[in-house]
Amino acid sequence: MSFQPNPGDELVINDIAYTIGQHPAAPGLAYAQAGRQGIVYQLIPKNGSIDGAKALKVFFPKFRIPAMVYQSEHMEPYSALPGMRVCKRDVLTPERNGALIGEYPDLLYAVIMPWIQGMTWFDVISDQRTLTTEDSLRLAKALAGTGSAMEQRGLAHCDLSAPNVMIPFFSEVQDPNTASAVELVDVEQMYGSKMDRPDALLAGSPGYAAHRTVHSGLWSAYADRFAGAVIIAEMLSWSDPAIVDKAWGESYFDQNEMQAVSERYVAMQGSLQRRWGQKVAELFTRAWESHDLSSCPTFGEWLVVLASASIEQAEAAVAPLMAEEEAAPAPEKAGSAPVTEEITGNADAPREGGLASKSLPEQEAVINRLFAQARLLEEEGKPGAALEVYRSLYHFIPDKSPLQIEVEAAIQQLDAQLNPKEEAAEQGKIPLYRTKKFMISAAALVVLLAGTVPTVNILADQAEVKQKEQQEAARLAEIQAAEEAEAAKAALLKQQEEEQKKKAEEELRLAAEKERQQADAKKKEEERKALQEKYDKQAKYEAYLAEQERKKQEAAKQAAQAKYDKQAKYEAYLVWKKERDIRLAKEEAERKAAEEAARKQEAARKAAEEARRKEEAAQKAALKKKRAQNVVTLIAHYNKAYNAQKGRNIENAEAYARDFKNLYNTDAAYFKGVGKVAARMTAINKFLGNTDYVLPDL
């Protein structure tokens with residue numbers, strides 16, 4: 001029959017009587033805890049106390065492996081290590097526990113081991129139970145010490161996760177046998193040089209499932225390093241309320257976030273650095289960014305760094321943040337403060353709004369998330385989107401920080417990539433003969449030359465006709481009048497030239513004024529565009545902040561709804577569980593009643609069968625006895641008939657012969673096969689048919 005014990009049921013294992021413990025939170029149900037490989041029941045010694053309680057692990061059929069005996073024998077020496085008490089194990093085998101296994105086949109290769117009091121690390125995280133700083137450090141040191149002791153012996157748990165880490169000192173029952181602050185359970189997958197590789201390997205639990213290089217289960221000396229680093233970081237961070245509030249649920253990290261830069265990772269890394277120091281944060285970062293399990297820090301490294309950790313430093317780092325959160329005024333609406341500087345403007349200008357009023361871990365989380373997003377957009381070949389993210393990120397970065405310089409360089413590089421400067425085409429020099437000045441001078445020169453030619457001719461004529469001065473007096477008067485006319489013409493041309501020159505200068509001045517006005521208009525247009533861009537940027541920033549606030553409110557709403565749904569599911573589960581327990585109890589009572597009725601009916605049937613069998617046996621014995629007596633009587637009748645015939649008393653002989661025949665016919669089938677009775681009957685029949693027949697001496 002299957003093993004489904006009730007509280008108080010008695011089991012005798014290896015000549016020791018145990019009773020099944022009752023679940024403290026569910027009276028009437030056995031104290032049992034289900035895992036991935038089987039169910040663990042609490043056994044309480046019948047003649048002992050709760051301190052000596054044992055754990056009976058009943059494996060599912062897939063994990064009932066005969067090699068468990070060999071494995072447990074090699075585990076037992078390690079039970080002396082801190083946190084490894086469950087290695088002291090005893091396996092139920094057919095040779096030693098055949099009767100018990102015959103009654104409960106499910107107990108084949110079940111394991112009995114010490115019962116560890118307390119809650120699991122899984123319970124601490126699920127309940128969002130904030131630890132004291134002292135307890136955080138104590139748990140982390142204890143786990144590092146256990147892991148270091150195992151590593152020194154070439155051992156690894158291979159399924160290290162929150163459900164498999166027990167916290168004994170949180171138990172209400174103080175166990176004097178427990179010396180370590182943590183105890184590891186579910187060690188069936190443990191790796192060791194003398195251990196056989198399990199047939200079915202586990203790949204770890206969500207939130208701790210190691211490493212990006214692991215695809216098909218863990219079984220090596222390095223198997224615990226990554227999961228151990230995550231659990232130690234959780235233990236150290238679980239005295240920081242900000243980290244506890246960010247927990248995903250049953251573990252701090254969502255499985256999809258493992259070994260990725262996420263808000264939870266940045267928050268935990270910042271908390272570790274701020275509270276426990278740079279070395280602790282570096283070990284966690286080294287494990288998170290490792291490319292294989294052997295690159296993760298050893299437990300010995302964790303133990304050395306944690307030995308110098310300061311509780312006072314951790315408490316001092318948390319206190320100001322809590323005080324700042326309590327004293328901080330109500331945050332302004334997102335987007336209410338304007339952007340006060342350009343991306344490439346004065347780095348010392350004050351920045352208002354945005355994340356200025358947020359706590360440092362939240363601001364760092366947003367900065368790292370935006371920076372990672374911008375880098376990703378660059379790698380995907382989306383420079384425009386990356387530039388917008390960089391510009392949004394710029395307002396959150398502390399002034400004159402290395403990250404600010406890096407972001408400024410990225411902005412300038414992407415801006416140059418998207419908006420290359422157009423080189424002004426060099427204007428070719430205008431040839432001299434095409435300039436306005438040259439053309440005006442040439443025109444004036446032509447006019448002057450045209451006016452001087454008649455004058456030269458007149459002078460030449462006067463030289464030639466000196467001797468005829470008297471004759472040519474009238475002609476000279478005409479020439480003089482012509483010269484005066486030419487002089488007046490030249491003066492007019494000069495005046496016109498000056499006017500044209502002034503007109504050209506005015507045109508040049510007007511052209512320059514027009515160019516200046518165009519330049520001013522262009523400058524104003526550029527300023528307008530820059531201002532519009534600034535307003536657009538401000539609008540985008542305000543829209544971004546509004547979107548972030550909306551997402552935050554939506555996330556809070558979803559979280560509250562999830563909490564309500566979880567509570568409703570839990571209450572529904574309690575109702576279902578109560579109804580199921582009542583139904584199962586009723587079914588069990590009916591089953592037991594039916595079994596009892598069937599047992600009584602079977603007992604009555606067996607009793608009736610036994611009575612019938614005894615009656616038949618008695619009848620057979622009586623028949624046998626009677627037949628034996630009849631055989632003796634037949635022989636006596638035959639002998640009497642024989643003797644009467646010999647004494648010639650024929651009447652008596654016939655009477656005895658008839659008595660023989662009558663008795664023989666009462667059970668002829670039986671008498672026929674007994675000795676010589678049939679031969680005697682034949683002789684009797686012959687004698688009764690003919691009295692002269694002589695009976696033979698039989």
Side-chain angles (χ1 to χ4, degrees), residues 261-263 266 328-424 518-556:
V261 178
S262 64
E263 184 176 351
V266 173
E332 298 180 1
K333 293 183 179 179
S336 60
V339 178
T340 59
E341 56 175 328
E342 294 292 325
I343 293 297
T344 57
N346 183 9
D348 296 328
R351 298 190 179 116
E352 302 176 357
L355 295 180
S357 61
K358 287 186 177 288
S359 61
L360 182 59
E362 294 177 355
Q363 184 171 349
E364 289 179 353
V366 174
I367 289 173
N368 285 278
R369 186 170 67 251
L370 291 177
F371 187 78
Q373 182 182 1
R375 286 294 193 203
L376 181 62
L377 291 171
E378 276 193 271
E379 294 174 358
E380 293 177 352
K382 300 177 181 178
L387 180 60
E388 290 299 326
V389 176
Y390 275 129
R391 285 174 172 170
S392 300
L393 171 63
Y394 185 85
H395 296 279
F396 304 149
I397 306 174
D399 295 339
K400 301 180 181 178
S401 65
L403 184 59
Q404 184 189 53
I405 298 173
E406 184 176 354
V407 171
E408 286 181 353
I411 290 172
Q412 293 176 0
Q413 181 180 355
L414 291 173
D415 190 49
Q417 179 181 346
L418 295 171
N419 303 304
K421 294 182 180 180
E422 299 180 359
E423 297 182 358
Q518 291 176 349
D520 291 343
K522 184 177 180 181
K523 183 178 180 181
K524 289 181 180 180
E525 180 64 19
E526 291 176 353
E527 291 176 352
R528 186 191 65 78
K529 288 182 179 180
L531 186 60
Q532 184 64 41
E533 183 180 357
K534 181 178 179 180
Y535 292 152
D536 293 343
K537 188 189 302 179
Q538 175 68 18
K540 289 181 180 178
Y541 177 63
E542 291 176 355
Y544 167 78
L545 292 178
E547 179 66 15
Q548 293 299 311
E549 182 66 19
R550 186 192 64 78
K551 289 182 178 179
K552 183 178 180 181
Q553 293 177 356
E554 183 67 22

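With a 4.5 Å cut-off on side-chain heavy atoms, Lys551 and Glu547 count as touching. Gln553 has its side chain within reach of Glu549: a pair of non-hydrogen atoms, C-beta onward, lies under 4.5 Å apart.
Considering NZ of Lys552 and CG of Leu545, their distance stands at 11.5 Å, rounded to 0.5 Å.
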Take Glu525 and Arg528 through the test salt bridge (charged side-chain N to carboxylate O under 4.0 Å, His left out) and record every step on the way to the result.
CA-CA 5 Å; Glu525 180 64 19; Arg528 186 191 65 78; 2.5 Å; yes
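At a threshold of 4.0 Å, the pair Arg375-Glu378 counts as salt-bridged, since one of the basic side-chain nitrogens sits closer than that to a carboxylate oxygen.
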